[in-house]
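A short worksheet on the structure shown next.
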Amino acid sequence: MIVLGLETSCDETAAAVVNTDGKVLAHAVLSQIEEHAAFGGIVPEVAARAHLAHLDRLIAKAMQDAGIGFAGLAAVGATAGPGLIGGVLVGVMSAKAISAVHKIPFVAVNHLEGHALTARLTNKVEFPFLLLLVSGGHCQLLAVEGVGRYRRLGTTVDDAAGEAFDKVAKMIGLGYPGGPAIERAALKGDPARFAFTRPMKGKPGCDFSFSGLKTSVRVAAEALPPGSLSEKDVNDLAASFQAATVESIGDRVRRALETFAESYGGRTLVVSGGVAANTALRAELQSRARVAGFEFVAPPLALCTDNAIMIAWAALERLQLGLVDNLDFKARPRWPLDPTAPPARGAGVKA
Ligand code: KG4
Ligand code: ZN
């Protein structure tokens with residue numbers, strides 16, 4: 001079976017064609033980084049218009065590269081949430097139109113389920129497994145029990161990890177997106193110069209928090225001699241912030257590994273989301289997994305960040321279980337994978 005997947009929930013417009021064996025027949029991604037860089041962050045209206053302008057062309061290209069017609073598809077899947085609703089609607093409406101015209105099933109995919117199931121496409125990971133999802137919009141630890149079956153072990157009570165990287169980068173004069181810029185600066189900096197507290201470290205549960213750390217960086221930067229920060233100051237702030245973030249995430253993951261090991265048979269830790277690109281974080285996760293006797297799986301970076309391959313694959317997994325959706329399915333700005341988990345407290349928490 002072959003499925004077309006569409007992704008438009010944030011700042012990547014993407015279309016991909018994948019088959020049941022996990023073979024990627026075509027994929028096309030268009031990043032809007034340049035459109036948003038001038039604003040220092042993603043502007044929802046700008047994102048929605050860009051998706052509208054480019055999605056048709058990306059779909060046509062993906063279908064051409066895959067060498068099939070719409071009639072050859074077993075289904076069409078699109079991210080139906082959570083995300084910036086204007087963009088989500090563009091993908092959902094396109095998928096519904098293809099479904100209606102070509103009489104093929106429509107699958108409404110939860111973007112987070114796309115991230116969650118990627119490791120099954122790339123590494124054939126079996127259920128259950130522990131997932132750390134760390135991106136610009138999300139920061140969660142989930143026990144993945146099966147398709148559509150998740151237990152949230154922890155989430156952020158304020159910012160997502162990538163959001164903290166982006167905000168701190170902006171604060172110390174590094175560009176957008178901030179994660180890669182902080183990582184580069186941190187390589188040249190002294191992680192011990194600023195003794196930032198490690199948020200949530202040692203606290204019960206597996207929740208995250210980055211807002212206090214962000215404030216600590218601002219206070220430290222403001223305490224430096226007035227005028228612009230020197231290159232050394234920027235590098236040291238970046239290195240000290242990154243060290244605190246990585247150690248904080250490491251502590252939360254350690255607790256989740258313990259909880260997961262007590263409740264489930266699986267022994268695999270999977271990471272996904274753009275922050276998974278961070279080498280220091282990967283090393284921390286690798287070592288936490290090793291200590292706990294877990295295998296560590298990090299899909300290739302292009303599949304950790306937003307893409308349509310993961311959406312096509314999640315649609316395929318759902319289709320194989322008969323989980324297809326009606327054309328009256330409503331796009332959802334919020335769509336938690338574990339609806340039984342209590343809502344996260346902070347502002348800006350997306351799911
Ligand atoms: O998954 P993603 O491409 O988009 C969503 O947010 O869904 O993740 C983007 C986030 C941004 O916040 C970016 O700053 C962060 O991932 N990021 C990184 C690195 N590369 C990207 N954060 C830390 N270190 C990196 N090397
Ligand atoms: Zn994402």
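Every heavy atom of this structure was used, including side-chain atoms; hydrogens, water molecules and symmetry mates were not. This is a predicted model, so every value here is computed, not measured. In each ligand, atom 1 is the first atom listed, and ligand 1 is the first ligand listed.
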(message) Counting non-hydrogen protein atoms only, what is the nearest one to atom 24 (N) of ligand 1? Give residue, atom name and distance.
(response) Asn278 ND2, 3.0 Å
(message) If you define the side chain from C-beta out and look only at heavy atoms, does anything of Val76 sit under 4.5 Å from His102?
(response) no
(message) Looking only at protein heavy atoms, which one is nearest to atom 15 (C) of ligand 1, and what is the separation?
(response) Val275 CG2, 3.9 Å
(request) May I ask you to check if Arg120 and Phe127 form a cation-pi contact, with NZ or CZ under 6.0 angstrom from the six-membered ring centre and within 45° of the axis? (result) yes
(request) With heavy atoms of Gly162 as the reference, note each atom of ligand 1 found under 4.0 Å away. (result) 12 (O)
(message) To check your reading of the site, what angle at the Zn ion (ligand 2) do NE2 of His111 and NE2 of His115 form, to 10°?
(response) 90°
(message) Only heavy atoms of Thr305, strictly under 4.0 Å: list the atoms of ligand 1 that pass.
(response) 1 (O), 3 (O)
(request) Look at atom 18 (C) of ligand 1 and say which protein heavy atom is nearest, naming residue and atom and giving the distance to 0.1 Å. (result) Gly179 CA, 3.4 Å
(request) Give the atoms of ligand 1, by number and element, whose distance to some non-hydrogen atom of Gly274 is under 4.0 Å. (result) 1 (O), 2 (P), 8 (O), 16 (O), 17 (N), 18 (C), 19 (C), 20 (N), 21 (C)
(message) If I consider every N, O or S atom in Asp306, which one ends up closest to the Zn ion (ligand 2)? I only need its name.
(response) OD1
(request) Quick one: look up the protein heavy atom nearest atom 4 (O) of ligand 1 and list residue, atom name and how far away it is. (result) Asp306 OD2, 3.6 Å
(request) Would you check if the side chain of Arg152 reaches a backbone N or O of Pro339 as a donor-acceptor pair within less than 3.5 Å? (result) no
(request) Note the single closest protein heavy atom to atom 26 (N) of ligand 1, along with its residue, its atom name and the distance in Å. (result) Glu183 OE1, 2.6 Å
(request) Between Pro180 and ligand 1, find which residue part has any heavy-atom pair under 4.0 Å and reply side chain, backbone, both or neither. (result) both
(request) With heavy atoms of Ala277 as the reference, note each atom of ligand 1 found under 4.0 Å away. (result) 20 (N), 26 (N)
(message) Checking a contact table here: which protein heavy atom is nearest atom 6 (O) of ligand 1, and how many Å away?
(response) Gly136 N, 2.7 Å
(message) If the test is side-chain contact (heavy atoms from CB on, under 4.5 Å), which one of Glu113, Glu7, His115 qualifies with Ile311?
(response) Glu7
(request) Could you tell me whether Arg193 and Asp233 have a side-chain N and a carboxylate O separated by less than 4.0 Å? (result) yes
(request) For atom 14 (O) of ligand 1, state which one of Ile182, Asp166, Leu133 supplies the nearest heavy atom. (result) Asp166
(request) Answer yes or no: is there a donor N or O on one side and an acceptor on the other, between the side chain of Asn123 and the main chain of Val125, under 3.5 Å? (result) no
(message) Would you say the ring centers of Phe241 and Phe165 fall short of 6.0 Å from each other?
(response) yes
(message) Would the distance check show the side chain of Lys214 and the main-chain N or O of Ala164 forming a donor-acceptor pair, the cut-off being under 3.5 Å?
(response) no
(request) Using only heavy-atom distances, determine whether the side chains of Ser209 and Asp158 contain a donor-acceptor pair under 3.5 Å. (result) yes
(request) Could you please spell out the steps behind the side-chain hydrogen bond (donor to acceptor under 3.5 Å, both in side chains) verdict for Asn278 and Gln242? (result) CA-CA 9 Å; Asn278 191 282; Gln242 180 175 279; 3.1 Å; yes
(message) I'd like to check which ligand 1 atoms, numbered from 1 as shown, lie under 4.0 Å from a non-hydrogen atom of Gly137.
(response) 6 (O)
